[in-house]
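A, B, ... follow the sequence lines: proteins, then strands. Residue 1 opens every chain.
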Amino acid sequence: MPIFHYIHQLKNCAKHHSIASTKQLHAHFNKLGLTQFIHLTNTLLNVYAKCNLLEDALQLFDEMPQRDHVSWATILTAQNQANLPNKTLSRFPSMFSLDRLLPDDFVFASLVKACGSLGAIKQGMQVHGNFLVSPFFDDDVVKSSLVDMYAKCGLPDNGRLVFDSIKSRNMASWTAMIYGYARKGRKEEALELFSMVPVKDLFAWTALISGLVQSGNAVDAFGLFVEMRRRGISIIDPLVLSSIVGASANLAMLELGKQVHGLVIRLGYESCVFISNALVDMYAKCSDILAAKDVFSRMSRRDVVSWTSMIIGAAQHGQAEEALSLYDKMVLNGVKPNEVTFVGLIYACSHVGLVNRGRELFKSMVEDHGIHPSLQHYTCLLDLLGRSGYLEEAETIINSMPFKPDEPTWAALLSACKQYGNGKMAIRFADHLLSLKPEEPSTYILLSNVYSSSGVWEHASKARHLLEALEVRKEPGYSYVYFGKESQTFYAGESSHPMKEEIFSLLNELGVEMKRRGYVPDTSWILHNTEHQEKERQLFWHSERLAVAYGLLKSVPGTIIRIVKNLRVCGDCHTVLKLISDIVKREIVVRDAKRYHHFKDGKCSCNDFW
DNA sequence: GTAGGGTTAG
């Protein structure tokens, strides 16, 4: 039978993902000694890759007596498609060392793509340089990939230089460039380019919208999504929906998220794994952990992202046991955890002080799963150890780990030193923290307190000065409360609200009852050098309290009051919200800049850890 | 026979 006939058969296998037939043909070729025909073997390689049988493809590739450019391009692309871009980059050097082959245009495109998905800009620029001095330097496909790579690496200006050199721009180059600007938050340039696109198809809209979501501009992303719908662009592919679900998550507006969920269902994409994943995450971020679990439980197929989203959701809402048991179920289901999964798991342990379990998971991550711990993993582990008083162990880890702790980690450890009365270590940690020039005002309070109590006055006053400088450019605190479709934003110290009187008297009323229950305002959270009474007054006007009072006055009795705050909730407000939840018998859910707090019956889901 | 754009978890 002629070779081209076999190639035709193989193409059919790829089209229908028929694994059995592919393997049968492979065996047949072996028997007839046809594998020497590189043309045929390359096709087989590609079919394995298209059927997601990377292992088979790799084995075949390694066994090939001879390989050409096509073999290399095929295997590198296969690794990209299997989401293993680092393997693409590590395999590439043997193209020359093993087979004495230089990259062609196809191979360049694969390498550029791998660099893009890794955000490996240094290697990306090297590849770019090699491409420019290669015979393929003018290839438009590689150039489009380069535009995309620079977009993903956050360097749209580098991308623009390449973009301008493309002779015949097609949709791929346009969308890559639009995405590059949008992702960097350069909305005007993105829109300008978008207006120039000859055909505004769903891809172009998606690039624009998803880029804006990723740059944190959820509001404009929504506006554009509505505009896209108005123009009758049919959503024939669900990817734009995951961006828009993500936008609702970022805004933490539950009602909006529910509407988007409704749209997802109407369009028939609810069973799409990555859409469901985005929904799980959205509900968790909107503090409706029950809805998140509901979506999760109805999924017919769950990948590592689904499980991880659910684990992190549970952990962030204070349900550590749930998070850990989800992990056990995940393993039982044969889903391999990745580095993000372990961030969620160790974080969960840290929340409830499960020191041993946390240590075990960290060890298992490295030893059983071969994952290199990142700074984030160390941060979670140090949090766990510090909180439970294992300060020496924490310090040993700091000295041996390949990263420097960040500001919040030093701050958490410093608090732990204070709590466990380790003054000497506190000074060591404080010095590290001070040298980082922290951004968080409460850090200076902490520093100042540590230095003062240890008699290091010079540093205590330095911390004060730095704080005063910081206070000037501090972002004002605000909170928004929402119920149904209504939402209302309150700024700290705001006293011009139309319902000011009602809010004021309700807070006063609650204050009387709180003091009756033993509440003493903790004014150490107020940073200014002011009189005690003035400090109390400032606490009183913190935005989250105004929002809660408004929520109590305006929402349907018995419903959950949901609040989103831009900064972290202060310690005193945390105490107050716990008390209020008990006094009025209402659940209050606050999402602050760091954590989720479910206040109910005088307790908080965060276990007073945030 | 091989390549380029839009997606989800921290």
Side-chain angles (χ1 to χ4, degrees), chain A residues 3-4 6-7 10-11 14 37-47 49-50 68-78 80-81 103-113 116 136 139-149 151-152 166 169-180 182 201-211 213-214 237-246 249 269 272-282 284-285 303-313 315-316 337-344 346-347 374-377 379-380:
Chain A
I3 297 287
F4 76 82
Y6 287 124
I7 289 181
L10 281 171
K11 279 185 174 169
F37 294 105
I38 198 161
H39 196 114
L40 184 69
T41 318
N42 283 343
T43 310
L44 184 57
L45 207 54
N46 189 40
V47 179
K50 292 278 157 15
D68 62 5
H69 285 98
V70 178
S71 332
W72 277 95
T74 308
I75 204 70
L76 295 177
T77 304
N80 279 345
Q81 275 167 359
D104 65 356
D105 40 352
F106 286 76
V107 170
F108 273 122
S110 291
L111 294 174
V112 170
K113 190 185 160 103
F136 310 98
D139 184 86
D140 281 351
V141 173
V142 180
K143 285 184 189 172
S144 293
S145 317
L146 281 165
V147 175
D148 176 58
M149 179 195 82
K152 290 192 172 120
I166 297 176
R169 291 171 188 162
N170 57 14
M171 286 312 290
S173 31
W174 282 105
T175 51
M177 198 59 238
I178 291 167
Y179 178 70
D201 65 0
L202 180 64
F203 279 10
W205 282 99
T206 307
L208 186 59
I209 291 169
S210 70
V213 174
Q214 283 172 31
D237 185 296
L239 289 167
V240 68
L241 292 175
S242 55
S243 276
I244 226 61
V245 173
Y269 289 122
C272 223
V273 176
F274 63 85
I275 296 283
S276 297
N277 291 349
L279 286 169
V280 169
D281 176 60
M282 181 275 289
K285 289 214 170 86
D303 63 10
V304 61
V305 179
S306 332
W307 288 98
T308 303
S309 307
M310 200 60 247
I311 286 171
I312 289 169
Q316 287 184 329
N338 65 17
E339 66 282 2
V340 188
T341 318
F342 283 101
V343 171
I346 302 169
Y347 175 90
S374 68
L375 174 62
Q376 241 183 332
H377 297 114
T379 301
C380 292

- Task: Assess the side chains of Ser173(A) and Asn170(A): does a donor N or O sit below 3.5 Å from an acceptor N or O?
- Result: yes
- Nearest to the side chain of Val305(A) - dG6(B), dA9(B), dT7(B)? dA9(B)
- Task: Check every atom of dT7(B), dT2(B), dG5(B) against the side chain of Val70(A) and return the nucleotide holding the closest atom.
- Result: dT2(B)
- Item | Options dG6(B), dA3(B), dT8(B), nucleotide nearest the side-chain atoms of Phe274(A) | dT8(B)
- Item | Rounded distance (Å) that lies between atom C1' of dG4(B) and atom CD1 of Ile178(A) | 15 Å
- When the distance from CH2 of Trp205(A) to C1' of dG6(B) is rounded to whole Å, what number comes out? 14 Å
- Send over the distance from Ile7(A) CD1 to dT2(B) P, rounded to a whole Å. 9 Å
- Determine whether the side chains of Gln376(A) and Tyr347(A) contain a donor N or O and an acceptor N or O closer than 3.5 Å. no
- Query: With respect to the side chain of Asn338(A), which nucleotide from dT7(B), dA9(B), dG5(B) is positioned closest?
  - Reply: dA9(B)
- Select base, sugar-phosphate, or nothing to describe what Asp139(A) touches, counting heavy atoms under 4.0 Å on all strands. base
- Counting side-chain heavy atoms from CB outward, which of dT2(B), dG10(B), dG5(B) is closest to Phe106(A)? dT2(B)
- Item | Lys50(A) side-chain N/O to dT2(B) phosphate OP1/OP2 under 4.0 Å | no
- Task: Find the distance Leu45(A):CG to dA3(B):P and express it as a whole number of Å.
- Result: 11 Å
- Query: Heavy atoms under 4.0 Å, any strand shown: does Lys113(A) hit a base, just sugar-phosphate, or nothing?
  - Reply: sugar-phosphate
- Task: Determine whether any donor atom in the side chain of Asn170(A) lies under 3.5 Å from an acceptor atom in the base of dG4(B), or the reverse, and answer yes or no.
- Result: yes
- Query: Given atom CG of Leu76(A) and atom P of dT2(B), what is their separation to the nearest angstrom?
  - Reply: 15 Å
- Message: Once you apply a heavy-atom cut-off of 4.0 Å, does Tyr179(A) come out as touching a base, just sugar-phosphate, or nothing?
- Response: sugar-phosphate
- Task: With the side chain of Ser210(A) defined as its heavy atoms from C-beta on, choose the nearest nucleotide among dT7(B), dT2(B), dA9(B).
- Result: dT7(B)
- Rounded distance (Å) that lies between atom C1' of dT7(B) and atom CG of Leu279(A): 13 Å
- Query: If you round to the nearest 0.5 Å, how far is NZ of Lys50(A) from CG of Asn46(A)?
  - Reply: 3.5 Å
- Message: By nearest atom, which of the nucleotides dA3(B), dT2(B), dT8(B) is closest to the Ala278(A) side chain?
- Response: dT8(B)
- Where the side chain of Val343(A) is defined as all heavy atoms beyond and including C-beta, which of dG6(B), dG10(B), dT8(B) is the nearest nucleotide? dG10(B)
- Message: Tell me whether the side-chain N/O atoms of Asn46(A) come closer than 4.0 Å to OP1 or OP2 in dT2(B).
- Response: yes
- Query: Considering only dT7(B), dG4(B), dA9(B), which nucleotide approaches the side chain of Thr308(A) most closely?
  - Reply: dA9(B)
- Base, sugar-phosphate alone, or nothing: which one does Asp105(A) contact when heavy atoms must sit under 4.0 Å apart? base
- Message: Side-chain N or O of Lys285(A) versus OP1/OP2 of dG10(B): is the shortest distance under 4.0 Å?
- Response: yes
- Would you mind telling me which of dG6(B), dT8(B), dG4(B) lies closest to the side-chain atoms of Ser144(A)? dG4(B)
- Task: Please evaluate the base of dA3(B) for a donor-acceptor partner in the side chain of Asp104(A) within a cut-off of under 3.5 Å?
- Result: no
- Message: Tell me every residue that passes side chain to side chain contact (heavy atoms under 4.5 Å, CB included) with Ser306(A), counting only those two or more places apart in sequence or in another chain.
- Response: Val273(A), Asn277(A), Phe296(A), Met299(A), Arg302(A), Asp303(A)
- State, yes or no, whether a side-chain contact exists between Leu45(A) and Val70(A) at a heavy-atom distance under 4.5 Å. no
- Item | Length of the line joining Asp140(A):CG and dA3(B):P, which is rounded to integer Å | 18 Å
- Message: Given the structure, check if the side chain of Thr175(A) and the base of dG5(B) hold any donor-acceptor pair shorter than 3.5 Å.
- Response: yes
- Task: For Asn80(A) and Thr77(A), test the side chains for any donor-to-acceptor distance below 3.5 angstrom and give the result as yes or no.
- Result: no
- Message: On the nucleotide dG6(B), are OP1 or OP2 found under 4.0 Å from the side-chain N or O atoms that Gln214(A) carries?
- Response: no
- Task: State whether Lys11(A) places a side-chain N or O below 4.0 Å from either non-bridging phosphate oxygen (OP1 or OP2) of dT2(B).
- Result: no
- Message: Just the rounded figure in Å: distance from P of dG6(B) to CE of Met171(A).
- Response: 12 Å
- Message: Under the rule for side chain to side chain contact (heavy atoms under 4.5 Å, CB included), what residues qualify as partners of Asp104(A), not counting sequence neighbours?
- Response: His69(A), Phe106(A), Val107(A), Phe136(A)
